[in-house]
Structures are given as C-alpha cells and as structure tokens.
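I have placed the structure first, in the form of structure tokens, so that the comments after it can refer back to it.
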Number of protein chains: 2
Amino acid sequence: MPKTTFYNLSATRRARIEEAAIDEFCKNGLRSAVLNNIVANSGIAKGSFYQYFENLEDLYAHVLTLVQKRKTDLVASLETPNSIMDTFGYLRWLIQISVVFMLREPRLAKIEQRDFVDHPVINSIDPETGERISGDGRFHALLTQGVLHDDLATWVDTDMAAYVLNLIANLIAPYMVDRIGDKASSLADGSVDIAYDPLVQALFDNLMDIIEAGIARDPQIRKDFYSK
Amino acid sequence: MPKTTFYNLSATRRARIEEAAIDEFCKNGLRSAVLNNIVANSGIAKGSFYQYFENLEDLYAHVLTLVQKRKTDLVASLETPNSIMDTFGYLRWLIQISVVFMLREPRLAKIEQRDFVDHPVINSIDPETGERISGDGRFHALLTQGVLHDDLATWVDTDMAAYVLNLIANLIAPYMVDRIGDKASSLADGSVDIAYDPLVQALFDNLMDIIEAGIARDPQIRKDFYSK
DNA sequence: GTAGAATATGACCGATTAGTCATAAAAGGA
DNA sequence: TCCTTTTATGACTAATCGGTCATATTCTAC
C-alpha cells in the first residue's frame with residue numbers, strides 16, 4: 001500500500017511514476033522489474049521513491065489496483081448496456097469490454113494476463129449462499145442471473161462456465177487482432193477502435209454463437225438449425 | 001541451441017542440469033532466473049555451464065523443447081485413443097492430456113503457460129491449403145477432421161474454435177484442482193491420478209457437454225433436451 | 001519572517017549478477 | 001607411456017541491483 005506521501009503528490013507527478021511503473025512491469029513482470037529504470041523514466045530521485053512506497057512489491061500491488069480502476073473507468077466511459085439487454089447480449093458486452101481494454105491499454109492488459117496465469121484460480125465464497133464464485137464475479141453474477149431468467153441450460157455448471165468465460169475474455173483479444181492482421185479497415189488514424197472493425201465483429205458473432213449454443217437453454221442458432 | 005559438449009555429457013549429468021533449470025525457470029520465468037542457482041543446484045561449476053550453453057536464454061530455449069518432448073512422451077505413455085473414437089471423444093482425450101500433464105509435470109506446465117501468455121497467438125500456414133493454423137495444430141487438425149466427418153456445425157469458425165480449445169486445455173487444470181479441493185478421493189498415496197478422480201471426471205463431463213453443445217452439428221445434449 | 005515539519009535528493013554501500021579465464025583434470029590416440 | 005585434445009573448475013571482474021542516509025529544499029502555520 002502506498003504511503004500517504006504518495007497521495008499528497010501532484011496528479012502529474014503521481015501519473016509520471018505510475019506511467020513508468022506500468023512500462024516497467026508490463027515488460028517482464030514484478031520479479032525482473034528494475035527500480036532504477038522506473039525512477040529514471042519518471043524523473044524522480046531514488047530516495048523519493050522510498051518516500052512513496054515500501055518497495056517494488058508495494059508499487060506493483062498499487063499498479064494491480066490501477067489496472068482494475070482503469071478497467072472500471074473504461075466500463076463507465078462506454079454507454080451502459082441497455083437494461084432490456086438479454087443475458088447473451090450482456091455477456092457479449094462483458095467480453096467485448098475485455099477486448100477493448102486490451103486494445104486501448106495493452107500494457108495494463110499484459111500485466112493483468114500475467115497475474116491471471118500466476119493466480120488463475122481466484123475465487124471467493126458468497127456470504128449468503130455459501131456458493132463458490134470464480135473470477136472477479138462479473139461472469140458468475142451474469143450466469144447466475146441467466147439461470148434465474150431461464151436463459152441458461154440447467155445442466156451447465158455455472159461456476160466452471162464463469163471461469164472459462166473469464167479465460168476467453170482475458171485472452172481472446174490477441175487472437176482477434178492477429179487474425180484480422182493488416183486487413184483491419186479504417187484504422188490508419190487510430191480513431192476507430194479495432195474492436196469495432198467489421199471483421200472483428202464477425203468473429204465476435206461467431207464466438208458468441210458458439211457460446212450461446214454451448215450454454216443457453218434454448219439457443220437461437222440451434223433453433224435456426226432445427227427449423228431448417 | 002546447446003553446444004555439442006552438452007550432448008556428450010552423461011545422461012545423469014545432463015538430467016541434473018535440466019532438472020535445476022526447470023526448477024529455476026518455473027519460479028519466475030527467464031528474465032528473473034538466476035544462473036548461480038542453477039549451477040549450485042545442479043552441482044556443476046559455473047565455467048562448465050558455459051561449455052554447454054551460450055547463456056541463460058540458450059538454456060531456456062532448450063527447456064522449452066524439453067516441455068514439448070515430455071508432453072509427447074506422456075501422450076505416448078498413455079494408451080492411444082481408440083481409432084473408432086469419435087470427434088468429441090478424441091477432443092476430450094486431447095484436453096484431458098493437457099490436464100494430466102499439468103498434474104504430473106506442474107513445473108513444465110507452468111513454464112508452458114507463461115510462454116503461452118507471452119506469445120498467445122502462435123500460428124502457421126498450411127502449405128497445401130494456405131489456411132491459417134492456430135496453436136500447435138492438434139486442435140486445428142481435429143476440428144478440420146470433425147468438419148469432414150460432419151460432426152461439427154458448419155457455421156463454426158474452426159480456427160478460432162481451435163484457439164479457444166487450446167486456451168481451455170492450457171488453463172482448465174488449475175481450476176479443476178482447486179474446485180474439488182481436498183475432496184479428491186483416494187489420492188493420499190499419489191498413485192491414483194487426480195485427473196481420474198470421479199469429481200474431476202464429472203466436471204469434465206460438464207465441460208465437454210458445453211463444448212459439444214457449442215460446436216457440434218447435432219449435439220447429443222440438445223437432442224436429449226429436445227426429446228424431453 | 002521564521003521555526004519546524006514534511007518532502008526531495010543522489011552519492012554511497014553491500015550484495016548479487018552474468019560472464020571470463022588461467023589452470024587443472026580427464027580422455028583419447030599413438 | 002606420453003602428448004594432444006577435450007572438458008571441468010571456481011576465483012575473479014565489472015556491472016548492476018535494492019536500499020540508506022545525511023543533507024538540501026520546500027511547505028505550513030503563526
């Protein structure tokens with residue numbers, strides 16, 4: 001946990017330090033991060049660093065909270081999903097958020113991914129039901145709602161499904177980017193997000209069809225199939 | 001690439017070095033591995049190390065090939081899947097292999113996972129068809145066969161599906177182990193593989209049902225559902 | 001303006017690192 | 001046996017590391 005002096009800093013100085021830390025940690029993780037690089041790149045004295053943090057590990061923990069914060073900010077910046085959005089529309093939105101995050105904040109996403117592999121199984125226990133909750137709880141909550149709304153097949157193990165969906169959300173983005181390669185349209189100016197590229201959306205459609213076919217109670221794609 | 005002197009070594013000496021290298025690399029990856037630990041733990045002189053390898057990176061590359069080799073050995077050691085096994089039986093077998101590998105060789109699996117996150121998108125091009133092949137090709141080949149045998153839904157993007165299945169195979173094991181926790185049966189002596197624990201198999205059944213429902217042309221679970 | 005508290009600084013230190021090299025030991029061929 | 005080639009060794013070096021601390025600067029309250 002950063003010391004209070006860190007929070008007393010001006011926003012710009014704090015941002016410079018955080019920026020340098022992100023740069024360093026995204027390269028090869030905590031263990032091989034070099035403090036000298038961080039202080040050099042942020043333009044502060046090494047002694048100052050120790051006024052703000054106990055050590056590198058302390059800074060790393062702070063960066064991990066930053067990752068979550070920036071992701072939350074991203075969610076807030078995009079329009080809230082329509083309340084009448086159904087389970088699978090919302091699921092698509094959740095996964096797409098992760099992809100957009102990786103495209104907009106590749107360094108933070110890298111840090112998050114590494115952390116994910118080092119601690120792939122994060123879970124908590126629901127205090128009311130005593131039920132296991134995998135991941136950060138977003139997918140678990142969604143699937144639980146999906147069950148209540150009769151949108152999900154009853155035989156699906158929701159906690160495992162939540163884990164797998166979290167897995168996909170975390171690591172599908174680099175595939176999509178690589179898959180469409182330089183065929184991405186209208187990205188030269190960088191103003192249009194690659195996540196909204198038609199080719200990526202087509203891949204997304206396919207992915208969501210597979211997921212829906214996999215866990216929905218009454219998947220549209222199967223109805224289409226059976227009706228043919 | 002190791003120098004020829006390394007291959008001239010006795011098998012036991014070579015094994016000692018590889019063992020120490022695996023121990024070191026599985027902890028925190030290449031960048032933070034410490035050569036002194038490896039030479040100390042393998043009981044060789046530091047000077048000797050440089051007779052065998054150019055540097056740490058060279059050794060790391062060798063360990064990565066070791067990972068693949070041991071995985072291949074594991075596949076060979078388990079009975080070959082029945083030739084009449086169908087697409088999804090074979091798919092289950094493929095995923096299960098990855099889980100067994102992680103349970104039997106956790107250090108190698110850890111190294112592989114880290115490598116996977118650092119280079120999540122590995123792909124090659126089929127020389128005949130010019131088609132893209134994601135991952136190590138096993139899942140891609142299986143799905144391609146599945147399409148030919150009419151076992152897969154035609155609308156499924158096979159390369160993306162191969163990527164996702166590879167993802168699941170690589171990272172589902174820690175979930176399953178944590179999920180069943182200490183409820184694992186008859187494992188005290190370590191003679192029975194946790195992968196064959198009934199609880200794990202039940203989870204596997206569920207996972208495979210989801211996957212089959214997701215990508216099969218005519219999923220059994222859906223037929224069951226519709227027949228009810 | 002001034003005193004005292006809070007913050008900033010970078011030279012410095014001891015520890016640790018990858019890599020070198022002179023020398024010793026072992027192996028091999030005659 | 002003796003000479004040559006190959007292999008083994010660990011003390012050593014130069015560079016780099018995290019962390020400290022005496023000192024300088026800035027801020028705050030009156």
Side-chain angles (χ1 to χ4, degrees), chain A residues 1-66 111 114-115 118, chain B residues 1-66 111 114-115 118:
Chain A
M1 204 174 52
K3 301 178 181 177
T4 57
T5 46
F6 180 67
Y7 293 109
N8 293 339
L9 254 38
S10 74
T12 61
R13 193 174 164 92
R14 222 174 26 231
R16 282 224 313 279
I17 295 169
E18 289 171 347
E19 200 60 20
I22 291 168
D23 263 340
E24 184 67 13
F25 287 132
C26 84
K27 280 194 293 182
N28 289 299
L30 165 62
R31 300 290 161 203
S32 50
V34 172
L35 177 58
N36 286 350
N37 293 342
I38 296 174
V39 294
N41 291 333
S42 58
I44 67 169
K46 189 188 280 193
S48 297
F49 174 83
Y50 285 97
Q51 305 260 35
Y52 312 142
F53 299 93
E54 291 295 337
N55 47 40
L56 262 187
E57 211 162 330
D58 193 15
L59 172 59
Y60 185 72
H62 175 67
V63 168
L64 283 185
T65 70
L66 255 189
I111 291 170
R114 234 191 295 268
D115 188 64
D118 282 334
Chain B
M1 207 174 53
K3 301 178 180 178
T4 56
T5 46
F6 179 67
Y7 294 108
N8 293 339
L9 253 38
S10 74
T12 62
R13 192 174 166 93
R14 222 174 27 230
R16 281 222 315 277
I17 295 170
E18 290 171 344
E19 199 61 19
I22 292 168
D23 264 341
E24 185 67 13
F25 287 132
C26 83
K27 280 194 294 182
N28 289 300
L30 166 61
R31 300 291 160 201
S32 49
V34 172
L35 178 58
N36 286 352
N37 294 342
I38 296 174
V39 295
N41 291 333
S42 58
I44 67 169
K46 189 188 279 193
S48 297
F49 174 83
Y50 285 96
Q51 304 259 37
Y52 310 143
F53 298 94
E54 291 295 338
N55 47 39
L56 262 186
E57 212 162 331
D58 193 15
L59 172 59
Y60 185 73
H62 174 66
V63 167
L64 282 185
T65 70
L66 254 189
I111 291 170
R114 237 191 292 268
D115 188 64
D118 283 333

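Residue numbering restarts at 1 for every chain, and letters A, B, ... go by the order of the sequence lines. This is a predicted model, so every value here is computed, not measured.
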Name the atoms and distances for all side-chain donor-acceptor pairs under 3.5 Å in residues 22-31 of chain B, with sequence neighbours left out.
unit_1, atom_1, unit_2, atom_2, d
Asp23(B), OD1, Arg107(B), NH1, 3.0
Glu24(B), OE1, Lys27(B), NZ, 3.4
Glu24(B), OE1, Asn37(B), ND2, 3.4
Glu24(B), OE2, Val34(B), N, 2.9
Glu24(B), OE2, Asn37(B), ND2, 3.2

Atom pair CD (Glu54(B)) and NZ (Lys3(B)), whose distance is rounded to the nearest 0.5 Å: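 Atom-to-atom, Glu54(B):CD and Lys3(B):NZ are 4.5 Å apart.
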What distance do Ile38(B) atom CD1 and Leu56(B) atom CG have between them, rounded to the nearest 0.5 Å?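 Ile38(B) atom CD1 to Leu56(B) atom CG measures 5.0 Å (nearest 0.5 Å).
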Any donor-acceptor N/O pair, Ser42(B) side chain to Ala20(B) backbone, under 3.5 Å: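 Flag not set: sc Ser42(B) to bb Ala20(B) has no pair under 3.5 Å.
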Give the first and the last nucleotide of DNA chain C, reading 5' to 3', that has any atom under 4.0 Å from a heavy atom of chain A.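 Counting from the 5' end, contacts occupy dT7(C) to dG10(C).
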Any side-chain heavy atom of Ser48(B) sitting closer than 4.5 Å to one from Arg13(B)?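 When only atoms from C-beta onward are counted, Arg13(B) and Ser48(B) do touch, with a gap below 4.5 Å.
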Is Leu59(A) close to Glu18(A) at the side-chain level, that is, under 4.5 Å between some pair of heavy atoms?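 No, their side chains stay 4.5 Å or more apart.
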In the 5'-to-3' direction, what one-character label does each nucleotide of nucleotides 19-30 of chain D receive under the scheme B = base within less than 4.0 Å of a protein heavy atom, S = sugar-phosphate only, - = no such atom? BBB---------
Which residues pass the side-chain hydrogen bond (donor to acceptor under 3.5 Å, both in side chains) test with Thr4(B), sequence neighbours left out?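 Counting only residues at least two positions away or on another chain, Thr4(B) forms no side-chain hydrogen bond (donor to acceptor under 3.5 Å, both in side chains).
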Contacts of Phe49(A) that satisfy ring pair (Phe, Tyr, Trp, His ring centres under 6.0 Å) - sequence neighbours left out: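 Counting only residues at least two positions away or on another chain, Phe49(A) forms a ring pair (Phe, Tyr, Trp, His ring centres under 6.0 Å) with Phe53(A).
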For the student: nearest non-hydrogen atoms of Ala21(B) and Val63(B), plus distance: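 Heavy atoms of Ala21(B) and Val63(B) come nearest at CB-CG2, 3.9 Å.
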Under 4.0 angstrom, heavy atoms only, what part of the nucleic acid is Phe6(A) near: base, sugar-phosphate, or nothing?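 Nothing, no heavy atom under 4.0 Å.
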What is the nucleic acid contact for Ala40(A), judged by heavy atoms within less than 4.0 Å: base, sugar-phosphate only, or nothing?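 Touches nothing.
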Separation of dT7(D) P from Tyr7(B) OH (nearest whole Å):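 Roughly 15 Å, once rounded to whole Å.
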Whole angstrom is fine here: how far is it from CD1 in Ile38(A) over to P in dG18(D)?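 Going from Ile38(A) (CD1) to dG18(D) (P), I get 8 Å.
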Listed in order of residue number, which residues of residues 9-24 of chain B have a non-hydrogen atom at under 4.0 Å from DNA chain D?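 Heavy-atom contacts with DNA chain D come from Leu9(B), Arg13(B).
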Once you measure the plane-to-plane angle for Tyr52(A) and Phe6(A), does it fall in the parallel (<30°), tilted (30-60°) or perpendicular (>60°) bin?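 Rings of Tyr52(A) and Phe6(A): tilted, 30 to 60°.
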